[in-house]
Amino acid sequence: MNVTRVDHIGIAVKNLDEMVKWYEETLGVKAHGTEIVDEQKVKVAFLPIGQSELELLEDTTGDGPVARFIEKNGEGIQHIALRVDNIEETLEELKAKEVRMIDQTPRYGAGNASIAFVHPKATHGVLLELCERK
Ligand code: ZN
């Protein structure tokens with residue numbers, strides 16, 4: 001497995017438009033578009049900063065993972081995403097190491113990525129996303 005960088009930090013927000021505006025006006029970073037990912041019940045905006053990005057996530061249905069996160073923890077950092085060269089190989093290696101996973105196979109992630117989540121029980125509290133970009 002080859003983990004190459006922090007790809008992005010996922011931040012759960014209640015109001016995506018407001019928070020995009022806040023980051024743009026306060027920090028001078030620019031969002032590159034928004035995307036709705038139905039599978040994860042979120043609307044997403046990426047704000048590139050150097051080689052990494054902030055991923056702002058707003059729930060779209062009231063019962064998705066981001067809504068549940070905010071209910072439990074309030075707004076804030078929800079996950080950290082690590083870029084990997086090959087997500088299939090990475091998942092095979094983690095399975096061999098008996099790492100507890102949320103996703104056994106890759107699924108679609110915003111920005112046309114291939115992603116899989118490691119269970120926070122395996123990382124002692126961090127929701128870790130593995131992310132391969134084409
Ligand atoms: Zn993410």
Side-chain angles (χ1 to χ4, degrees):
M1 118 179 37
N2 191 14
V3 178
T4 57
R5 71 164 85 146
V6 174
D7 186 86
H8 63 268
I9 295 171
I11 301 173
V13 301
K14 289 181 182 167
N15 185 318
L16 188 69
D17 295 338
E18 249 176 43
M19 288 317 296
V20 164
K21 195 171 167 225
W22 187 88
Y23 278 98
E24 288 184 339
E25 289 180 356
T26 311
L27 298 180
V29 296
K30 292 279 170 253
H32 64 86
T34 58
E35 177 181 347
I36 289 174
V37 182
D38 287 327
E39 194 184 326
Q40 289 160 54
K41 302 179 176 180
V42 286
K43 189 161 81 171
V44 176
F46 281 102
L47 297 104
I49 300 173
Q51 292 201 323
S52 300
E53 299 181 299
L54 299 181
E55 178 189 44
L56 303 182
L57 304 146
E58 178 191 316
D59 179 86
T60 54
T61 62
D63 66 349
V66 168
R68 288 197 303 274
F69 177 87
I70 289 175
E71 206 177 286
K72 197 173 162 194
N73 307 289
E75 294 176 289
I77 294 176
Q78 193 235 6
H79 67 272
I80 294 174
L82 301 179
R83 175 88 59 97
V84 298
D85 283 347
N86 184 323
I87 197 155
E88 302 277 358
E89 272 179 27
T90 304
L91 286 175
E92 286 308 312
E93 281 191 53
L94 292 175
K95 271 178 215 167
K97 292 174 180 170
E98 298 181 344
V99 173
R100 185 167 170 191
M101 301 294 296
I102 291 175
D103 298 306
Q104 304 303 318
T105 55
R107 57 170 144 149
Y108 177 81
N112 206 23
S114 212
I115 67 168
F117 284 97
V118 179
H119 199 285
K121 288 250 193 286
T123 61
H124 295 243
V126 178
L127 178 58
L128 212 55
E129 175 187 325
L130 306 166
C131 175
E132 178 189 336
R133 296 193 184 275
K134 307 290 175 200

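Start at 1 and go down the list; that is how both ligands and their atoms are numbered.
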*Asks:* For residues 101-123, which residue pairs pass the salt bridge (charged side-chain N to carboxylate O under 4.0 Å, His left out) check, not counting sequence neighbours?
*Replies:*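 Residue pairs passing salt bridge (charged side-chain N to carboxylate O under 4.0 Å, His left out), neighbours aside: Asp103-Arg107.
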*Asks:* Check this for me: Gln51, atom CD, are more than 12 non-hydrogen atoms of other residues, nucleotides or ligands nearer than 6.0 Å?
*Replies:*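 Counting other residues, nucleotides and ligands, CD of Gln51 stays at 12 neighbours or fewer.
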*Asks:* Tell me every residue that passes side-chain hydrogen bond (donor to acceptor under 3.5 Å, both in side chains) with Lys72, counting only those two or more places apart in sequence or in another chain.
*Replies:*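 So Lys72 forms no side-chain hydrogen bond (donor to acceptor under 3.5 Å, both in side chains) with any residue.
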*Asks:* Run the salt-bridge test on Glu92 and Lys95 with the 4.0 Å N-O cut-off and return the result as yes or no.
*Replies:*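 Yes, charged N to carboxylate O under 4.0 Å.
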*Asks:* In terms of heavy-atom contacts, does NZ of Lys21 have more than 12 from other residues, nucleotides or ligands at under 6.0 Å?
*Replies:*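 No, not enclosed.
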*Asks:* Report the residues that fulfil side-chain hydrogen bond (donor to acceptor under 3.5 Å, both in side chains) with Asn112, sequence neighbours left out, ordered by chain and then residue number.
*Replies:*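 Checked Asn112 against side-chain hydrogen bond (donor to acceptor under 3.5 Å, both in side chains); zero matches.
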*Asks:* Taking the Zn ion (ligand 1) as the center, what protein N, O or S atoms are found at less than 2.8 Å?
*Replies:*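 Checking every protein N, O and S atom gives His8 NE2, Glu55 OE1, His79 NE2, Glu129 OE1.
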